[in-house]
K.L.:
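Before anything else, here's the structure in question.
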Amino acid sequence: MSVATTDYLAAIAHLPAGAVLRIDDVPWEEYENLLADLGEGYAVRIFYDNGRMEVMAPASTHEKPKSVIHTLVTALRDELDIDVESLGSSTLRKEMRAAGAEPDDCFYIQNAALVIGKDDLDLTHDPPPDLVVEIDRTSSSLDRFAIYAALGVPEIWRLARRHLRIHLLAGDSYEESPVSRAFPFLTPQVLSEFIARGLKEGERKVASAFREWVREHHHPRQ
């Protein structure tokens with residue numbers, strides 16, 4: 001364990017919920033060493049962008065809306081009878097682009113078949129998730145969009161103040177979109193309304209209501 005990694009671990013251990021630690025000029029090797037030394041199941045989320053490392057300690061307010069969105073995507077999987085693989089906050093990284101991220105949640109949808117059964121994800125060979133979810137409460141995820149663009153993530157759902165926005169990759173940056181790429185019949189307004197219902201009424205009720213809405217509004221091409 002390097003001296004730098006020891007310092008990082010000490011700082012992370014005292015990072016309060018909702019706080020963000022930013023460190024510049026971090027070599028890629030130190031970033032990877034930190035991930036290895038943290039091991040499995042660490043609570044913080046770590047982002048890396050060309051030497052700049054950001055460590056965020058999520059607040060508990062992250063968890064409920066994240067869980068509701070996960071419930072909605074699961075309902076889509078079941079109602080549409082499609083494969084959807086969630087990797088949660090798994091580390092997404094690509095050394096050749098000097099980029100790494102740990103989203104609030106992420107899903108393989110169109111590319112689900114390519115990752116089912118894989119134990120280790122390698123974005124050098126494997127596709128990035130089709131959809132990343134970011135919950136903004138104590139800090140903004142907009143600064144991390146460049147990382148997701150470098151990783152090639154095609155779609156981001158960003159929830160801020162209970163309003164969801166959809167961002168689609170266009171070239172090297174993201175543009176806000178009126179519809180989802182993964183689920184073209186979904187709009188930010190519909191998702192925001194069901195997220196609000198889930199937070200108020202609970203996940204079981206919102207899953208049932210959302211599945212009914214999907215049956216009424218999803219019209220697959222003949």
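Keep in mind that the numbers below use all heavy atoms, side chains included, and drop hydrogens, waters and symmetry copies.
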K.L.:
I need the Leu21 CG to Ile46 CD1 distance, nearest 0.5 Å.
P.N.:
9.5 Å
K.L.:
Taking atom CG of Asp122 as the centre, does the number of heavy atoms from other residues, nucleotides or ligands within less than 6.0 Å exceed 12?
P.N.:
yes
K.L.:
Should the heavy atoms of other residues, nucleotides or ligands under 6.0 Å from CZ of Arg97 be counted, would the total exceed 12?
P.N.:
no
K.L.:
Should we say atom CG of Asp172 is surrounded by more than 12 heavy atoms from elsewhere, each under 6.0 Å from it?
P.N.:
no
K.L.:
Would you mind reporting whether Leu121 and Val115 have side-chain heavy atoms less than 4.5 Å apart?
P.N.:
yes
K.L.:
Just wondering, more than 12 heavy atoms not from Glu176 lying within 6.0 Å of its CD?
P.N.:
yes
K.L.:
Taking the six-membered ring for Trp and the full ring for Phe, Tyr or His, determine whether the centres of Phe107 and His70 are under 6.0 Å apart.
P.N.:
yes
K.L.:
Parallel, tilted or perpendicular for Phe210 and Trp213, by the 30°/60° rule?
P.N.:
parallel
K.L.:
Can you tell me if Ser89 and Asp104 form a side-chain donor-acceptor pair at under 3.5 Å?
P.N.:
no
K.L.:
Got Leu15 and Val55 here, is their nearest side-chain heavy-atom distance under 4.5 Å?
P.N.:
yes
K.L.:
Would one find more than 12 heavy atoms of other residues, nucleotides or ligands at under 6.0 Å from atom CZ of Arg215?
P.N.:
yes
K.L.:
Go through Glu54 and Tyr48 one step at a time and tell me if the side chain to side chain donor-acceptor pair (under 3.5 Å) criterion holds.
P.N.:
CA-CA 6 Å; Glu54 179 181 290; Tyr48 185 91; over 6 Å; no
K.L.:
Between Arg77 and Asp83 (salt bridge meaning N to carboxylate O under 4.0 Å), is one present in this structure?
P.N.:
no
K.L.:
Under a 3.5 Å threshold, yes or no: a donor from one side chain and an acceptor from the other, between Glu102 and Tyr42?
P.N.:
yes
K.L.:
Would you tell me whether Glu155 and Tyr174 have side-chain atoms, one donor and one acceptor, within less than 3.5 Å of each other?
P.N.:
no
K.L.:
Do Ile135 and Glu63 have side chains that get closer than 4.5 Å, going by heavy atoms?
P.N.:
no
K.L.:
With a 4.5 Å limit on heavy-atom distance, are the side chains of Val84 and Leu76 in contact?
P.N.:
no
K.L.:
Between Glu134 and Tyr148, do the side chains contain an N or O donor and an N or O acceptor separated by less than 3.5 Å?
P.N.:
yes
K.L.:
With ring-ring contact (aromatic ring centres under 6.0 Å, His included) as the criterion, how do Phe185 and His217 come out once you've worked through the C-alpha distance, each side chain's angles and the decisive distance to 0.1 Å?
P.N.:
CA-CA 7 Å; Phe185 60 97; His217 293 84; 8.6 Å; no
K.L.:
Mind checking whether Glu212 and Glu79 have side chains closer than 4.5 Å, heavy atoms only?
P.N.:
no
